[in-house]
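Just so you know, these numbers use all the heavy atoms, side chains as well, and skip hydrogens, waters and symmetry mates. It should be emphasised that the depicted structure is a prediction, and the values quoted were computed from it without experimental measurement. Labels below follow one simple rule: chain letters A, B, ... track the order of the sequence lines, proteins then strands, and each chain is numbered from 1.
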2 protein chains.
Amino acid sequence: MTITPRIHRMTKQRQIILDVLKKTESHPTADWIYEKVRQEVPRISLGTVYRNLRVLKEMGDIQELNYGSTYSRFDGNTKPHYHFVCLDCGDIMDIHVPVYTELDKDAAEETGGKVEFHRLEFYGICSGCIQ
Amino acid sequence: MTITPRIHRMTKQRQIILDVLKKTESHPTADWIYEKVRQEVPRISLGTVYRNLRVLKEMGDIQELNYGSTYSRFDGNTKPHYHFVCLDCGDIMDIHVPVYTELDKDAAEETGGKVEFHRLEFYGICSGCIQ
DNA sequence: GTACGTGCAAATATTTTGCAGCAGT
DNA sequence: ACTGCTGCAAAATATTTGCACGTAC
């Protein structure tokens with residue numbers, strides 16, 4: 001009586017959602033992705049987009065971000081990296097600084113728990129908004 | 001024609017909401033705060049709780065956290081500190097490691113923007129859930 | 001007295017879900 | 001063929017807001 005793990009199929013919808021996320025530099029919302037995918041699959045529903053985003057996240061193909069707002073944004077870049085959030089225009093950008101994995105050790109020691117990963121976001125005004 | 005800044009009054013409701021947040025060690029949701037405050041002000045509305053949480057946040061008296069879920073949590077501790085989020089039980093705890101303000105300089109250099117602050121959360125399994 | 005705050009209820013916004021038919025493996 | 005996936009629409013969740021009255025300053 002072993003648990004059979006759920007098998008994921010690669011449907012046209014799922015593939016296109018993944019492609020859209022891998023191709024964009026931005027960190028789009030579910031609705032933005034929906035509108036984009038609709039150009040190729042006009043009858044796709046928003047529910048399907050949400051269901052696929054959840055599966056893709058579970059499979060580790062994408063990341064979900066929910067910083068500073070009531071809705072989520074998604075990131076097709078799964079390599080560890082940090083983000084910069086502009087407090088003015090709300091834009092989120094990738095930051096190319098080395099990832100400090102040693103931090104996890106300190107945190108694990110401090111809490112007595114096991115640290116899997118960490119997330120770091122910088123908040124401020126982006127170069128475009130400074131003038 | 002100067003802009004007159006909004007003046008905030010300290011009402012009974014606002015004071016109690018702030019007190020509740022300053023007293024707790026947890027990082028409660030708006031609804032938890034609502035239930036707690038209701039013990040002292042039975043007729044308070046959830047709308048009032050949300051309005052006050054926004055004002056208190058704007059005044060810098062509390063922090064809003066929205067990590068890994070669709071709803072916000074609030075933190076009465078405004079001193080810079082990091083968080084640990086348990087992927088099993090969902091609990092959020094404070095971490096007592098020094099805050100690395102130098103990180104902000106690197107990020108500002110990399111983006112060309114101005115960094116005000118950063119947030120760092122560690123994700124893993126807390127000591128209570130490890131067994 | 002002024003204008004910010006409150007309670008109430010309705011509205012928004014975002015995400016999830018039940019269901020019957022469709023489709024990937 | 002089996003079972004996961006889809007579109008559709010309705011539901012669930014979390015948060016915001018219009019309004020008339022109340023209250024801190």
Spacing between [X] atom [atom1] and [N] atom [atom2], to the nearest angstrom:
| X | N | atom1 | atom2 | answer |
| --- | --- | --- | --- | --- |
| L46(A) | dA13(C) | CG | C1' | 11 Å |
| N66(A) | dT15(D) | CG | C1' | 15 Å |
| E58(A) | dC5(D) | CD | C1' | 14 Å |
| M10(A) | dC22(C) | CE | P | 23 Å |
| D31(B) | dA12(D) | CG | C1' | 14 Å |
| I33(A) | dT15(C) | CD1 | P | 10 Å |
| R73(A) | dT15(C) | CZ | P | 11 Å |
| R43(B) | dA9(C) | CZ | C1' | 13 Å |

Given 3.5 Å as the limit, does a donor-acceptor pair link the side chain of [X] with the main chain of [Y], or not?
| X | Y | result |
| --- | --- | --- |
| R14(B) | R9(B) | yes |
| T24(A) | V20(A) | no |
| H27(B) | I92(B) | yes |

Inset, instruction - Identify whether L87(B) and I130(B) are in the same connected component of the hydrophobic contact network (ILVMFWY, side-chain heavy atoms under 4.5 Å). - result: yes
Inset, instruction - Following the transitive rule for hydrophobic clusters with a side-chain heavy-atom cut-off under 4.5 Å over Ile, Leu, Val, Met, Phe, Trp and Tyr, establish whether Y34(B) and V55(B) coincide in one cluster. - result: yes
Legend entry - Pairs flagged by salt bridge (Lys or Arg N to Asp or Glu O under 4.0 Å) wherever residues 21-41 of chain B is involved - sequence neighbours left out: E35(B)-R38(B)
Legend entry - Heavy-atom pair with the smallest gap, counting every atom of L46(B) and A30(B): CD1-O, 4.3 Å
Legend entry - From dG7(D), dT6(D), dT16(D), nucleotide with atom closest to N52(A) side chain: dT6(D)
Inset, instruction - For R51(A) and for R51(B), locate the closest nucleotide of DNA chain D by heavy-atom distance; then report the residue assigned to the nucleotide nearer the 5' terminus. - result: R51(A)
Inset, instruction - Specify the residue among E64(B) and T11(B) whose closest nucleotide of DNA chain D lies further upstream toward the 5′ end. - result: E64(B)
Inset, instruction - Ignoring backbone atoms, establish whether H8(B) has a side-chain N or O less than 4.0 Å from OP1 or OP2 of dC25(D). - result: no
Legend entry - Under 4.0 angstrom between R54(B) side-chain N/O and dT15(D) OP1 or OP2: no
Inset, instruction - Please tell me which of I44(B) and T48(A) maps to the more 5' nucleotide of DNA chain C, matching each residue to the nucleotide holding its nearest heavy atom. - result: I44(B)
Using the 3.5 Å cut-off, write out each protein N or O paired with an N or O of nucleotides 1-3 of chain D and the distance between them.
unit_1 : atom_1 : unit_2 : atom_2 : d
dT3(D) : O2     : R9(A)  : NH1    : 2.9
dT3(D) : O2     : R9(A)  : NH2    : 2.4

Legend entry - Proximity to DNA chain C (any heavy atom under 4.0 Å), residues of residues 12-29 of chain B only: Q13(B), R14(B)
Inset, instruction - May I ask you to check whether S72(A) and E64(A) show a side-chain donor-acceptor distance below 3.5 Å? - result: yes
Inset, instruction - Taking the six-membered ring for Trp and the single ring otherwise, decide whether the centroids of Y123(B) and H83(B) are under 6.0 Å apart. - result: no
Inset, instruction - Remember a base hit wins even if backbone is also touched, and classify I7(B) as base, sugar-phosphate or nothing at under 4.0 Å, heavy atoms. - result: sugar-phosphate
Inset, instruction - Determine the contact category for Y71(B): base if any of its heavy atoms lies under 4.0 Å from a base atom, sugar-phosphate if only primed atoms, P, OP1 or OP2 are that close, otherwise nothing. - result: sugar-phosphate
Inset, instruction - Any chance you could lay out the ring pair (Phe, Tyr, Trp, His ring centres under 6.0 Å) test for F84(A) and H96(A), step after step, and finish with the verdict? - result: CA-CA 10 Å; F84(A) 177 94; H96(A) 308 99; over 10 Å; no
